[in-house]
Every structure is written in structure tokens, then in C-alpha cells.
Visitor: 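Would you mind keeping the following structure in view while I ask a few things?
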Amino acid sequence: MKKLLLITLLFVTCACTAQVKQYRPRVVKEYPHSVEAYTQGLFFHNGTLYETTGQYGTSTIRTVDLDTGASIVEKKLNRKYFGEGSVILGDDMYILTWTNKVAFRYDAKTLSFKQTVGYPREGWGLTTDGKQLIASDGSSQLYFMDKDLKVQKKLPVTLNGRPLRNLNELEWIDGKIWANVYLTDMIVIIDPETGKVESSVDCTGLLPNALYTSATDVLNGIAVDAAGRIYVTGKNWPRLYQIELIKK
């Protein structure tokens, strides 16, 4: 497994030099972020920032005050569940779990629990195009699902013609799928029709070394607000950044 992840890391770092547009982030504004938030899902809905966090025993669903990083409403998952990606579609908030083989439905307005649904894959990232759910499972596949989590389409994702594994947290932005690539500082931008990576965003150094602690983990978390502003953070990061893309 470690060998595979190392190969993927090297491939993502090197292969983006051809055929794919390359960007780096420019920080527009920075905000506080809870260092206790092991970020798995991050998105805006009706002006509110939502976040789901992972780890057994500490997984949560929360709404977040952007300016302070503090939780407004927070609910804990049962200790046996490892929370993952999340999104709101229609009246429901959907939350994946990592290896528990279930997903959850919550009421989007109240965050009250509605239903547990069987889920046959590992849960990683989750987003929506406004009509269907789009999920990752750590492979090179993306899964387009209906509101009942039934797969309608599988999309193989490729970078320069080769499968790109470890797709993690997802966000739908301007008709494209943005994805964190696990264990790297890279975000890729994917064509939802072809699965081809069209652009990459190298976030190396986004969080200054001076802010790292022993608890600081990888880049993970992409959100876009109604005005089109893009935000990124990481697992247990002390900062959440509003960014814009600059060509490398």
C-alpha cells in the first residue's frame, strides 16, 4: 500500500508537467479553522459553511462560523462511525462513512437524523452537481448516484491518459469536479463528461511550516460559496484559506 501511494505521489507531482494546465493558489484571505477538525467534507449551502470531520470517536457534523472557525451547531456521530464526505441535495444532507458500509441522511435544515442507508463502497468524498450525487472511494473512479445512492454512472478519472487514484474530497465548481488527491498537496480539476484531468493546483506550502504541529495532517477540504469564492483547508489545520488560481 505504501509503495502504491508513493508511486501515486510521484506521478501526480511529475505527470502534471504535460497536457494539463498548472496553477498555484494565491491567498486572498485567511480564516481561523479548528485544529480539532479532521476535515472530511466541506461545503457552503444557502450561505452557511458546513463541515464533517472524521476519526473514530470524534466524527462530527457541524455548521461553522467562517470568521471565527467556531462551530455553530455540532452533532457527533456514534463512536463506531468514521465520518467522511458530505453534501446537501434537495432537503437532505448526505454523509458518507469510511469503512462502515453505511451512509446517513439528515434533515438539511435542522441536521436531525433521518435514515441510515447501506453503502457498498468505502466512503471518501462527496459533492453534487445539483441533480445527482458524486462520490469518490479512494480509487480512480467517481460514482454518479441518485438521491437513493444508487449508481447511475461510473466515471474513470485519468491524468495524461493514466488512471489517477486516491481521489478524495470533492467539490463541484463551474461545471467541473475539483478533487483533493490524498497524501499530496495537489488539487485536480476534472471534466465530468470525459473524466480527464484538465488542470492541477499545486498547494505546496499553502500552510506555512511555522503553523504545523504534530497533529497537522494533509490538505483536504474544498468549498465554493454562492459568489464563486473558493476556500480550502486541511485536516487539523489552524487556517482555512480563500484562494484564487494563478498560472504557474
Side-chain angles (χ1 to χ4, degrees), residues 22-54 60-74 83-89 93-96 108 111 124-130 134-136 167-182 184-190 198-208 211-212 216-248:
Q22 298 178 69
Y23 296 94
R24 58 181 177 82
R26 187 183 77 83
V27 174
V28 177
K29 191 172 182 179
E30 61 180 67
Y31 299 88
H33 181 253
S34 172
V35 294
E36 297 180 354
Y38 191 80
T39 306
Q40 302 289 71
L42 191 73
F43 65 94
F44 283 90
H45 182 76
N46 290 340
T48 298
L49 178 61
Y50 291 80
E51 185 173 30
T52 47
T53 68
T60 65
I61 315 157
R62 57 180 72 179
T63 58
V64 179
D65 184 304
L66 178 62
D67 291 324
T68 67
S71 298
I72 302 170
V73 177
E74 180 173 311
E84 284 281 349
S86 56
V87 77
I88 289 175
L89 178 60
M93 180 173 179
Y94 295 81
I95 302 170
L96 303 181
L111 293 188
W124 285 48
L126 188 65
T127 191
T128 180
D129 61 2
I134 306 168
S136 64
L167 300 173
N168 200 4
E169 216 271 319
L170 307 174
E171 185 77 3
W172 181 269
I173 302 177
D174 291 335
K176 306 293 181 182
I177 302 168
W178 290 45
N180 287 115
V181 182
Y182 185 51
T184 79
D185 291 317
M186 194 71 67
I187 294 171
V188 292
I189 302 174
I190 304 160
E198 296 183 336
S199 307
S200 66
V201 185
D202 183 359
C203 295
T204 302
L206 179 61
L207 182 68
L211 295 180
Y212 272 76
T216 306
D217 212 310
V218 297
L219 178 78
N220 199 56
I222 309 166
V224 61
D225 66 16
R229 292 180 290 252
I230 298 168
Y231 304 80
V232 298
T233 190
K235 301 174 187 286
N236 304 125
W237 280 27
R239 297 287 187 274
L240 180 146
Y241 296 100
Q242 180 192 338
I243 64 168
E244 62 181 17
L245 302 189
I246 304 296
K247 285 188 177 180
K248 291 183 70 174

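Being a predicted model, the structure only gives us computed values, none of them experimental. We're numbering straight along the sequence, starting at 1. No hydrogens, no waters, no symmetry mates; every other heavy atom, side chains included, goes into these values.
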Visitor: Under the ring-ring contact (aromatic ring centres under 6.0 Å, His included) rule, collect the residues that match up with Phe44, sequence neighbours excluded.
Guide: Tyr231
Visitor: Checking the side chain of Glu169 only, and the main-chain atoms of Ile222 only, is there a donor and an acceptor separated by less than 3.5 Å?
Guide: yes
Visitor: Which atoms form the tightest heavy-atom contact between Asn168 and Ser136, and what is the distance?
Guide: O-OG, 2.8 Å
Visitor: Verify the neighbour count for atom CD of Glu244: are there more than 12 heavy atoms of other residues, nucleotides or ligands below 6.0 Å?
Guide: yes
Visitor: Side chain of Asn180, backbone of Gly221: donor and acceptor closer than 3.5 Å?
Guide: yes
Visitor: Find the distance between CZ (Arg26) and CD1 (Ile246) and round it off to the nearest 0.5 Å.
Guide: 6.0 Å
Visitor: CG of Asp129 to CD1 of Ile173: how many Å apart, nearest 0.5 Å?
Guide: 13.5 Å
Visitor: Using a 4.5 Å cut-off on heavy atoms from C-beta on, say whether the side chain of Met93 contacts that of Thr52.
Guide: yes
Visitor: Within a strict 4.5 Å, meaning less than it, do heavy atoms of the Phe43 and Thr128 side chains meet?
Guide: no
Visitor: Between Ile189 and Leu245, does a side-chain contact (heavy atoms from CB on, under 4.5 Å) hold up when you go through it step by step?
Guide: CA-CA 12 Å; Ile189 302 174; Leu245 302 189; 4.2 Å; yes
Visitor: Enumerate the salt bridge (charged side-chain N to carboxylate O under 4.0 Å, His left out) contacts for residues 226-241, please, sequence neighbours excluded, ordered by first and then second residue.
Guide: Glu30-Arg239, Asp225-Arg229
Visitor: From Ile187 CD1 over to Asn220 CG, what is the distance, rounded to the nearest 0.5 angstrom?
Guide: 9.0 Å
Visitor: Can you tell me if Asp67 has over 12 outside heavy atoms packed within less than 6.0 Å of its CG?
Guide: yes
Visitor: Assess the residue pair Val218 and Tyr182 against the criterion (side-chain contact (heavy atoms from CB on, under 4.5 Å)); give the C-alpha distance rounded to whole Å, side-chain angles, the decisive distance to 0.1 Å, and a yes or no.
Guide: CA-CA 8 Å; Val218 297; Tyr182 185 51; 3.9 Å; yes
Visitor: For the residue pair Tyr31 and Val64, establish whether any side-chain heavy-atom pair is separated by less than 4.5 Å.
Guide: no
Visitor: Could you grab the distance from atom OH of Tyr50 to atom OG1 of Thr63, nearest 0.5 Å is fine?
Guide: 6.5 Å
Visitor: Does any donor atom in the side chain of Ser86 or Gln40 lie under 3.5 Å from an acceptor atom in the other side chain?
Guide: no
Visitor: Looking at every non-hydrogen atom in both residues, tell me the closest pair between Asp202 and Lys248 and how far apart they are.
Guide: OD2-NZ, 3.3 Å
Visitor: Heavy-atom distance under 4.5 Å between the side chains of Pro238 and Leu207, does that happen here?
Guide: yes
Visitor: Considering the options Ile61, Thr60, Leu42, which one meets the side chain to side chain contact (heavy atoms under 4.5 Å, CB included) requirement together with Thr53?
Guide: Thr60
Visitor: Find the distance between OG (Ser71) and CG (Leu49) and round it off to the nearest 0.5 Å.
Guide: 10.0 Å
Visitor: Quick check on side chain to side chain contact (heavy atoms under 4.5 Å, CB included): which of Ile177, Leu170, Ile134 does Ile190 satisfy it with?
Guide: Ile177
Visitor: Is any side-chain heavy atom of Ser34 less than 4.5 Å from a side-chain heavy atom of Glu51?
Guide: no
Visitor: Between Asp217 (side chain only) and Asn236 (backbone N and O only), is there a donor and an acceptor less than 3.5 Å apart?
Guide: no
Visitor: Identify the two heavy atoms, one from Trp237 and one from His33, that lie closest to each other, and give their separation to 0.1 Å.
Guide: O-ND1, 2.7 Å
Visitor: Under the side-chain contact (heavy atoms from CB on, under 4.5 Å) rule, what do Asp185 and Leu206 come out as? Steps first, then yes or no, please.
Guide: CA-CA 9 Å; Asp185 291 317; Leu206 179 61; over 6 Å; no
Visitor: What closest approach, in Å, do Gly125 and Leu96 show between heavy atoms, and which atom pair accounts for it?
Guide: O-CD1, 3.6 Å
